[in-house]
Each structure stands twice: as structure tokens, then as C-alpha cells.
Student: 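Before we start, here is the structure in question, set down as C-alpha cells.
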2 protein chains.
Amino acid sequence: MGPVNSTTRRGRPRKGELRLSRNAILAAALEVVDAEGVAAVSMRTVAARLEVDAKSLYHHIDGKEGLLDAIAGEVIGRIEVPEQTGEPAEDLRAIAQAFRRAARAHPQAASLVLTRQLPGPASLVPAEAVLSVLRKAGAEPAEAVHLLRSLLAVVVGSLLREANAEPAFGVGDEDGIADRRADLERTGLPSIVELAPELARCDHEAEFGFAVELAIAAVLARLSRR
Amino acid sequence: MGPVNSTTRRGRPRKGELRLSRNAILAAALEVVDAEGVAAVSMRTVAARLEVDAKSLYHHIDGKEGLLDAIAGEVIGRIEVPEQTGEPAEDLRAIAQAFRRAARAHPQAASLVLTRQLPGPASLVPAEAVLSVLRKAGAEPAEAVHLLRSLLAVVVGSLLREANAEPAFGVGDEDGIADRRADLERTGLPSIVELAPELARCDHEAEFGFAVELAIAAVLARLSRR
DNA sequence: ACCTGAACACCGTTCAAGT
DNA sequence: ACCTGAACACCGTTCAAGT
């Protein structure tokens, strides 16, 4: 159908109207994601936000799959890699936190970002930073790549848990925590039951920090053991 | 439409016909996933495989979202946790490998499994095993939960990369590797260019092993430093 | 208790026709 | 060069009607 006003027409827009562009589409798509989640992204909803027909998008992006890839690239492309200090632990930590900040800027998009082919061009900038730190810290070439991939796995795995967790899993919500705890205790699995109080809650920021510190310690121990 | 034979009818099946069941639906859904990928799963395709109308599925499962959750649970529920040996490193390694084996049994389902709310009931058995090992190795209660979550992040992050990588990224395919290498060199990012030969290829099994060993070393170092 | 026909409100995508 | 009408082949889901 398209816009319902009486001046609906075909062909290119009358002069003065904003032209459709890849950037405008991406911005609109990100708005949909932030407002209603990835599931609400469709060619039609995105186009509607631009007051344009869904089919028009095909002139600027490569179908829906291409749109989702582009959204992921957009989010990951906004990682602001901090300047290096020369202190490896500090630098690696800062890059990991920058990654998390970018993911948390669009919480609803996080699973999209983490789930798509990550080593796309957009993620090469943070990868470059990590590799540079590792090489300066004394890692061999092949070793640096293994360590990069290990660090990336920790970051991605941690952020994915955070993205998938129900919103209330974090702070407050003592009721939800009590419910989960009761569920865990009902399993009868001894360690699960014993640790139910700890398992029923999750401070995502602290958990991310813990995993990253553990990984960094492992990396540095490995590099200094030489 | 349903089956096109001339005896189409409504109501419950004539006696002798197999009844629809949650298990039958899950099995059919897993067949679709293995044969054509998660994207090919729809109420209609799954129902067609059972020669049943799509709407019939609603009597046994909670809509499409419920179906996807159930598939993920099914795959993860098949993790065969090995018996403990008392050697923490060996036991943790074995659990991680069991996790990978389950994921690789249904490669097309992997991203589904890793992406959904993981701490569902199905994943509690492997979690119990990890926690038990950690506690025996001397971890404090809260610490054991942090370490479990860190280990899970490494495993999930690694398997997610493996699942998302294009099939050819692994072995052979020297052409694809050469292409990727050329792409990486064109970025001009110094460390990326220097390490392009290593970055262009990825032995998933070795990479998984490396990340897991690094994580286990970190865990044990932390627990023995006391 | 279980299955389906009719129906609804959505999808992504192609392609020819318009300006 | 860019946009859309018409059209197609799909979706998930509700609900009343059948046995």
C-alpha cells in the first residue's frame, strides 16, 4: 500500500524529498531493533519508518539477510578502541570493556552481533588492537592468533549469556531470584542444590570482569613463562 | 490442505494410525534442521514431515518459539557427561569435549543451542559435573559459580565461532584460504597483515582445544595459589 | 482429546511498469 | 536511477466445528 496520503505516486521522489540511502535504512533498522527487538525487524517495518515501500529497500541493501548483517556491522563498527598504554593487562582489559560497551549500547541487537559471522571487516579494528598488544607482549605469530581467538571466545560467550538472560536476572527482583533458587533446589543435583543461592543470581558486569581477568591472567602467565 | 489422498478427514485419526506426540514432533524438527538448517524450520515443514496439519502441532508444543527451545534442549540434553577421574584438568577437559561432541552431532542446530537461554534444565547436568569438579578441587562456593560461568563462556564462544564459520574455513580449500588472506592483507592494518597467513585459516578442533586448555590452566592456577 | 477448514494478518522477493 | 503495483509463495496463529 505505502503512504496513504492522496499524493501517492510511483517513480522517483519529487524534488525536495529526502532520498533513500543505505545509511538511512540502517539507522531506521537500528531504531526498530532498539524499540522492539530483532524479531520486529522486517523489510516492511523498516520501510514504514522511512515512509517508503518495503521493496524500495532492495535498491540499497541485499535482502533481509544483508540488512541483518549490516546492522551487526554497524553496532560492532562503533567499538571505540582505546589508546594503548604499554601495559598488556590494562590494554586487553580496556579493549574487552570497549566491546561490551558497544554491545550494551544496543542490548536488543547484541545476540545479532554475536551470532553473525563475527570476523567481518568491522571487527578487524579491535582484532588489530588485540594482536598488536599480544605481539608486543612477546607472543609468537601463530600463538598470538590462538590467544586472540581464545579472548574473543570469552568475550562473546560472556556477552551472549548477558544478552540472552531475562532482563530481571541482574539486580533487584528478589522474587525472581527466589523462584529460580527454588527451581534449582528441586533438581536434586547435589552441587546445584548446594550452590543454588549463587546460581540464582548473576551480576553481569562482575561476571564479565571475572571471566576477562581470568583469561588475561592465563594469557600473561603463558607469555611470561618463557 | 493436508494430505492429498482421497480419505482426508477431520477429527481424531482412525485407529491404527500413529498418534502425534511431542517426541515425534521434536524428532521431525531435528530432521528438518539437520537436512536444511534452522531457517527451514516452520510449523508447516515440520508438520508436513509427519503428514499432519501445521495447526495440530499446537496441541503438543507451545508455538514456534517453544519448538525452537525444545530442539535446543533436545540437543543439549544429549551431552554424555563422562565419569570423573579425580584429576580436575582431565575431568574439565572431558566435559568440554562432551559439550562439543553434542553440538557437532547437529552442526546446523548449534547456533540455536548456543543462542537460547542456555541455563535451561537440560544444561544442568553438565553444570553439576563442572561444579562438582571445581568444589573438589578446592573452589569456594561463589568462586565455583564464577569459574563455571567463565568456562561456559569459553566453550560457548568457541563453538559459536565454529558454527558460524563458513564450512570451508576448516581444512582443505586452499583457494578460499588464499582469498581470505588477500582480503586481510588489503586492510592495511599492520598486525592483521603480518598475521594474515595464520588468520586466514582455522582448525576448529585445535582452536577449541587451545582455548579450553588455556581456561583450565587459569582455573587450576587460581585454585592452587592458596 | 485431538485434529482440521476457514480465516487473518503477517512475511520476503521478483519483475515489469512508471517517472 | 530509483520507486512501486501487482503478484506469488510463503509464514504463525486463533477458533469454531468436526469425530
Side-chain angles (χ1 to χ4, degrees), chain A residues 1-26 28-29 32-33 35-72 112 116, chain B residues 1-26 28-29 32-33 35-72 112 116:
Chain A
M1 240 180 307
V4 208
N5 62 39
S6 54
T7 60
T8 299
R9 64 338 45 158
R10 346 169 122 198
R12 71 143 101 90
R14 11 176 173 51
K15 61 184 161 191
E17 264 181 51
L18 265 52
R19 277 265 272 59
L20 201 49
S21 71
R22 189 185 156 86
N23 270 349
I25 294 173
L26 251 46
V32 174
V33 171
E36 313 182 60
V38 201
V41 173
S42 77
M43 302 302 273
R44 286 163 154 94
T45 54
V46 171
R49 205 165 272 254
L50 297 164
E51 297 193 287
V52 139
D53 190 281
K55 298 181 254 45
S56 301
L57 306 186
Y58 286 83
H59 291 279
H60 303 90
I61 53 152
D62 186 18
K64 178 157 186 193
E65 240 11 55
L67 177 58
L68 294 178
D69 282 338
I71 296 173
L112 195 64
R116 312 239 129 201
Chain B
M1 236 178 311
V4 209
N5 62 39
S6 56
T7 59
T8 301
R9 31 79 298 216
R10 343 174 122 198
R12 71 141 102 87
R14 7 178 175 49
K15 59 185 162 190
E17 265 182 51
L18 264 53
R19 276 265 272 63
L20 201 49
S21 72
R22 189 185 155 86
N23 270 347
I25 294 174
L26 251 44
V32 174
V33 171
E36 311 182 61
V38 201
V41 174
S42 77
M43 302 302 273
R44 286 163 155 94
T45 54
V46 172
R49 204 164 272 254
L50 296 164
E51 298 193 289
V52 139
D53 190 280
K55 298 179 254 51
S56 302
L57 306 186
Y58 286 83
H59 291 278
H60 303 89
I61 52 151
D62 186 17
K64 176 155 186 194
E65 242 6 60
L67 177 58
L68 295 178
D69 283 338
I71 297 173
L112 195 65
R116 312 239 127 200

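Values below: every heavy atom of this structure, side chains too, minus hydrogens, waters and symmetry copies. Residue numbers start from 1 in every chain, and the chains themselves are labelled A, B, ... in the order their sequence lines are given, proteins ahead of strands.
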Student: Do you know which two heavy atoms are closest between B:Ala28 and B:Arg49, and how far apart they sit?
Tutor: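 Heavy atoms only, the tightest pair is O-CD, 3.7 Å.
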Student: Per the side chain to side chain contact (heavy atoms under 4.5 Å, CB included) rule, which among B:Val33, B:Ile25, B:Ile61 passes with B:Val46?
Tutor: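 Only one of B:Val33, B:Ile25, B:Ile61 forms a side chain to side chain contact (heavy atoms under 4.5 Å, CB included) with B:Val46, namely B:Ile25.
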Student: A:Thr45 near the nucleic acid: base, sugar-phosphate alone, or nothing, with a heavy-atom cut-off under 4.0 Å?
Tutor: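 If one applies the 4.0 Å heavy-atom cut-off, A:Thr45 turns out to touch the sugar-phosphate alone, with no base involved.
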Student: Picking from C:dC11, D:dT14, C:dT13, which would you name as closest to the side chain of A:Tyr58?
Tutor: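 Of all the options, the side chain of A:Tyr58 is nearest to C:dT13.
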Student: Provide, to the nearest angstrom, the distance between the CD atom belonging to A:Glu65 and the P atom belonging to C:dG12.
Tutor: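 It works out to 11 Å between those atoms.
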Student: Starting at atom CG of A:Leu67, determine the distance to atom P of C:dT13, rounded to an integer number of angstrom.
Tutor: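 After rounding, the reported distance stands at 10 Å.
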Student: Show the nearest heavy-atom pair for residues B:Ala70 and B:Arg22, with the distance to one decimal.
Tutor: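 Where B:Ala70 meets B:Arg22 most closely, the heavy atoms are CB-NH2, 3.7 Å.
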Student: Compare every heavy atom of B:Ala40 with every heavy atom of B:Val32, then report the nearest pair and how far apart it is.
Tutor: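 Taking every non-hydrogen atom into account, CG1-O, 3.7 Å.
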Student: OP1, OP2 of D:dC2 versus side-chain N and O of A:His60: anything below 4.0 Å?
Tutor: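 So the side chain of A:His60 is outside the cut-off, no N or O lying under 4.0 Å from OP1 or OP2 of D:dC2.
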Student: So for A:Lys55 and C:dG12, does any side-chain atom that can act as donor or acceptor lie under 3.5 Å from a complementary atom in the base?
Tutor: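 In this structure, the two groups form no donor-acceptor pair.
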Student: Which heavy atom in B:Leu112 sits nearest to a heavy atom in B:Leu68, and how many Å separate them?
Tutor: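 Here B:Leu112 and B:Leu68 meet closest at CD2-O, 3.9 Å.
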Student: Using whole Å, what does the distance between atom C1' of nucleotide C:dC10 and atom CE of B:Met43 come to?
Tutor: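 For the pair B:Met43 CE and C:dC10 C1', the rounded distance is 16 Å.
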Student: Could you tell me how far apart B:Leu57 (CG) and C:dA1 (P) are, to the nearest whole angstrom?
Tutor: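 That distance rounds to 20 Å.
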Student: Starting at atom CZ of A:Arg44, determine the distance to atom C1' of C:dC11, rounded to an integer number of angstrom.
Tutor: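 About 6 Å, once rounded to whole Å.
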Student: Which whole-number value in Å describes the distance from A:Leu50 CG to D:dC2 P?
Tutor: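 Between P of D:dC2 and CG of A:Leu50: 16 Å.
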Student: Just checking B:Ser42: base, sugar-phosphate only, or nothing, at a heavy-atom cut-off of under 4.0 Å?
Tutor: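 Contact class for B:Ser42: sugar-phosphate only.
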Student: Distance check: side-chain N/O of A:Ser56 vs OP1/OP2 of D:dT4, anything under 4.0 Å?
Tutor: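 Result: yes.
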Student: Dot-bracket for DNA chain D, please. Rules: Watson-Crick or G-U, both distances under 3.5 Å, ( ) within the strand, [ ] when a pair crosses earlier ones, | for another strand, . otherwise.
Tutor: ||.|||||...|||||.||
Student: Please find the pair of heavy atoms, one from A:Arg116 and one from A:Ala72, that lie closest to each other, and give the distance.
Tutor: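 Looks like CG-CB, 4.1 Å.
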Student: Rounded to the nearest angstrom, tell me the gap between atom CG in A:Asp62 and atom P in C:dG12.
Tutor: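 That distance rounds to 14 Å.
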Student: Might you point out which heavy atoms bring B:Ala29 and B:Leu67 nearest each other, and give the distance in Å?
Tutor: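 In this case the closest contact between B:Ala29 and B:Leu67 is CB-CD1, 4.0 Å.
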Student: Heavy-atom nearest nucleotide on DNA chain D for B:His59 versus B:Gly63: which residue maps closer to 5'?
Tutor: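 Looking at DNA chain D, the more 5' nearest nucleotide goes with B:Gly63.
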Student: Once you round it to whole Å, what is the distance between C1' of D:dG12 and CG of B:Asp53?
Tutor: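 After rounding, the reported distance stands at 12 Å.
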